[in-house]
Each structure stands twice: as structure tokens, then as C-alpha cells.
Colleague: 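Handing you a structure now.
Numbering of ligands and ligand atoms starts at 1, following listing order.
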Amino acid sequence: MFTSLRLPLFGLLSLALAQAALAADCAPDQRHGAEVFANECGVCHSVTKGATGMMGPNLAGVVGRKSGSLEGFSYSQAMRNKNIDWQAENIAQLITQPQAYVPGTYMPYMGLASADDRQAVVCFLKEQH
Ligand code: HEC
């Protein structure tokens with residue numbers, strides 16, 4: 001009886017551990033991330049799916065999206081040529097110093113100095129689908 005339970009239980013346990021590891025990465029940062037986004041990015045970017053009319057492209061679903069690819073947004077040539085998929089790491093690089101990461105970008109942002117703030121805002125963006 002125990003033998004037959006062991007495998008499914010082990011599976012569940014590994015799943016729980018994997019989720020805990022993910023949560024350890026991001027969960028405590030969610031509220032802080034939302035604040036950082038509101039203070040640093042929200043003036044130019046929306047995370048409401050489909051919302052338009054802001055200076056920057058909508059960032060709902062940006063993690064995993066190809067750079068410069070949002071339909072209807074007029075990107076700089078530099079951003080259109082960047083040709084990467086946005087992931088946590090390269091978004092963090094972009095917001096460290098946009099003009100260094102994408103020379104010629106239209107994103108008029110000086111950069112976010114705190115690595116903790118960068119990590120938190122990227123965690124927040126991962127949850128905006
Ligand atoms: C003053 C306005 C402004 C601020 C503040 C700003 N951005 Fe941007 N952002 C832009 C513009 C404009 C673009 C388009 C750049 C281009 O076409 O070169 C952009 C592009 C981006 C992109 C690329 C999206 C895509 O579809 O390829 C990401 C990711 C991004 N911004 C994240 C952020 C984050 C995170 C913050 C806050 C830490 C932030 N931005 C702050 C204006 C801004």
C-alpha cells in the first residue's frame with residue numbers, strides 16, 4: 001500500500017518544492033514590484049491588456065514577447081532591430097540603462113539603479129499576462 005503511494009506523493013512533493021523555489025524568487029517582491037512599476041514605469045507603460053495611447057508600448061504579456069513587436073506601436077528602428085525575446089534577464093538589463101542596452105531607443109528613461117528594484121519590477125511584469 002505504501003509502495004503504491006510513494007511515487008505520486010514524491011511527484012507532488014517535487015512539484016511543491018519547485019513552486020516554493022519559484023515563489024522564493026518572486027513572491028515577496030510582488031507588492032514592491034507593483035510600487036516600483038507605478039513610480040518608475042507607469043507614467044509611460046500600461047499593463048492593462050489591450051490598453052493603448054501611452055508613450056511606451058503596452059507591457060501586458062511582455063515576458064516572452066519579441067522585442068519591438070507589439071502591433072500598432074511605433075518603435076524606434078533600434079528596438080525593431082534588437083531581435084530578442086524579452087525575458088527577466090534582458091528586461092533587467094534594459095532598465096539598468098536603456099540607451100546602453102538599445103542604443104538609439106526611444107525609451108527616454110535614465111535607468112533604475114537598485115538591483116532589488118529591478119528584480120522586483122521584473123517579477124511584477126512576469127505576472128502581467
Ligand atoms: C518616459 C517614458 C518611459 C518610461 C519611464 C519607461 N519606459 Fe519603457 N519604453 C518607453 C518607450 C517609448 C519604449 C519604446 C522604445 C523604442 O521603440 O525604442 C519603451 C520600451 C520598453 C520595453 C520594450 C517593449 C517591447 O515591446 O519591445 C520594455 C520591456 C520597457 N520599455 C520596460 C520599461 C520598464 C520596466 C520601465 C520602468 C522601470 C520603463 N520601461 C520605463 C518609454 C518609457
Colleague: What part of W86, side chain from CB on, backbone N/CA/C/O, both or neither, has a heavy atom under 4.0 Å from ligand 1?
Modeller: side chain
Colleague: Please state which protein non-hydrogen atom is closest to atom 5 (C) of ligand 1 and give its distance, to 0.1 Å?
Modeller: E40 O, 3.2 Å
Colleague: If hydrophobic clusters are built from ILVMFWY residues whose side chains come within less than 4.5 Å, do Y106 and Y109 share one?
Modeller: no
Colleague: Heavy-atom distances under 4.0 Å are what count here, so tell me which part of R65 touches ligand 1: side chain, backbone, both or neither.
Modeller: side chain
Colleague: Going from OG1 on T96 to OH on Y101, what distance comes out if it is rounded to the nearest 0.5 angstrom?
Modeller: 10.0 Å
Colleague: Does any N/O atom on Y75 come nearer than 3.5 Å to any N/O atom on ligand 1?
Modeller: yes
Colleague: For M54 and G42, which heavy atoms make the closest approach, and how far apart are they?
Modeller: CE-O, 3.2 Å
Colleague: Just wondering, are more than 12 heavy atoms of other shown residues or ligands nearer than 6.0 Å to CD in Q97?
Modeller: no
Colleague: Got Q87 and V122 here, is their nearest side-chain heavy-atom distance under 4.5 Å?
Modeller: no
Colleague: Tell me: protein heavy atom nearest atom 15 (C) of ligand 1, and distance?
Modeller: T105 OG1, 3.3 Å
Colleague: Same cluster or not: F73 versus V43, using hydrophobic residues (I, L, V, M, F, W, Y) connected whenever any side-chain heavy atoms lie under 4.5 Å apart?
Modeller: no
Colleague: Hey, does Q128 have a side-chain heavy atom less than 4.5 Å from the side chain of L59?
Modeller: no
Colleague: Could you list the atoms of ligand 1 found under 4.0 angstrom from a heavy atom of S67?
Modeller: 27 (O)
Colleague: I'd like to check which ligand 1 atoms, numbered from 1 as shown, lie under 4.0 Å from a non-hydrogen atom of S76.
Modeller: 16 (C), 17 (O), 18 (O)
Colleague: Does any part of the side chain of P57, heavy atoms only, come nearer than 4.5 Å to the side chain of M79, both counted from C-beta?
Modeller: no
Colleague: Taking atom 8 (Fe) of ligand 1 as the center, what protein N, O or S atoms are found at less than 2.8 Å?
Modeller: H45 NE2, M107 SD
Colleague: Looking only at distances, can you tell me whether any N or O atom of G68, backbone or side chain, sits closer than 3.5 Å to an N or O atom of ligand 1?
Modeller: yes
Colleague: Heavy-atom contacts with M55 under 4.0 Å: which atoms of ligand 1 show up? List them by number with element.
Modeller: 2 (C), 12 (C)
Colleague: Are the side chains of K49 and N58 in touch, meaning some heavy atoms are under 4.5 Å apart?
Modeller: no
Colleague: Non-hydrogen atoms of A78 versus ligand 1: any pair closer than 4.0 Å?
Modeller: no
Colleague: Would you mind reporting whether V36 and F124 have side-chain heavy atoms less than 4.5 Å apart?
Modeller: no
Colleague: Got an N/O contact under 3.5 Å between Y106 and ligand 1?
Modeller: yes
Colleague: Give a yes or no on this: more than 12 heavy atoms of other residues, nucleotides or ligands lie within 6.0 Å of atom CZ of R31.
Modeller: no
